[in-house]
Participant: 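Input: one structure, supplied below.
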Amino acid sequence: MAEVVFVDSEAAAGTLAAASIRSLILQKPDAVLGLATGSTPLSVYAALAASLKADPIDVSRVRGFALDEYVGLPADHPESYRSVITRDAVVPLGLNPSKILVPGGDPATIRTAGLDYEALIVAAGGVDVQILGIGRTGHVGFNEPGSSFASLTRIKTLTEKTRADNARFFPSIDDVPIHCMTQGLGTILRARHLILLAFGDEKADAIAAAVEGPVTSSKPGSVIQLHPHVTVIVDEAAASKLQNLDYYRYAWANKPWPGI
Ligand code: PGA
């Protein structure tokens, strides 16, 4: 089962996750990071950037794969995930931009872009740690409800709910692309460690379904129950619909080693 860790703040979640990623990079200087976009992972990138500033380590060989990309936005559009990942992670962490890859969102190549991206992940030796948020629809990456647990990187159609959630980054919902390229749930399952973060009560249903609900493609986050090494970091609000809170707290308090 997933390790479920409760935090008081997004900053505390960021500190925990960043410590784990830092330790990974120290052990494996060419570590492969799975990078999520959106609001959720910002505290992780901020904490890791602060840690690297206070006590620098060599990150020049770190590699990264973004989870997803909009189809049809030019790469230099400020809301393309290429731009977002550059702004939120590559620049603040001082990563080598040439080692950070994003699925191709060019409509001209979308039929082959998924398989090409999968081949690059395999050639890199797979993702060591995948950072994940979760959407109100229960999606991870942009794997909307109904996505196959065996799915690999491919084009998906965004739900209206997801487009409405992401409209805050665009002039209007009509400007939010309808399609995306996203790593599949099968791609995510291949990563060696998943760190899923969620904050706020609007994520409580999705977290309960992911951690404790039936394993079903109707709740794509429930794919984490099929993975052997998952850490879920949640605040009290996002955790509010979990049933086994006492056990999670007990397991964390008695963990034989510190950190995630
Ligand atoms: P958010 O999005 O981090 O911006 O809440 C999460 C998601 O949609 O996966």
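What you see is a predicted model; the values in this text were computed from it and never measured. First listed ligand is number 1; within each ligand, the first listed atom is number 1.
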Participant: In the structure I gave you, are the side-chain heavy atoms of Asn166 and Ile173 within less than 4.5 Å of one another anywhere?
Facilitator: no

Participant: Assess the residue pair Asp68 and Lys156 against the criterion (salt bridge (charged side-chain N to carboxylate O under 4.0 Å, His left out)); give the C-alpha distance rounded to whole Å, side-chain angles, the decisive distance to 0.1 Å, and a yes or no.
Facilitator: CA-CA 10 Å; Asp68 39 25; Lys156 282 294 288 182; over 6 Å; no

Participant: Under 3.5 Å, is there a donor on one side chain and an acceptor on the other for Asp165 and Thr162?
Facilitator: no

Participant: Do Ser83 and His77 meet the criterion of a side-chain donor-acceptor pair at a distance under 3.5 Å?
Facilitator: no

Participant: Other residues, nucleotides and ligands only: do more than 12 of their heavy atoms fall within 6.0 Å of CZ on Phe169?
Facilitator: yes

Participant: Which residues pass the side chain to side chain contact (heavy atoms under 4.5 Å, CB included) test with Thr187, sequence neighbours left out?
Facilitator: Glu118, Ile121, Leu152, Thr153, Gln183

Participant: Run through all N or O atoms in ligand 1 and write down each protein N or O closer than 3.5 Å, as a pair with its distance.
Facilitator:
unit_1   : atom_1 : unit_2 : atom_2 : d
ligand 1 : 3 (O)  : Ser39  : N      : 3.2
ligand 1 : 3 (O)  : Thr40  : N      : 2.9
ligand 1 : 3 (O)  : Thr40  : OG1    : 2.5
ligand 1 : 4 (O)  : Ser39  : N      : 2.9
ligand 1 : 4 (O)  : Arg168 : NH2    : 3.0
ligand 1 : 5 (O)  : Lys203 : NZ     : 2.7
ligand 1 : 8 (O)  : His139 : NE2    : 2.6
ligand 1 : 9 (O)  : His139 : NE2    : 3.2

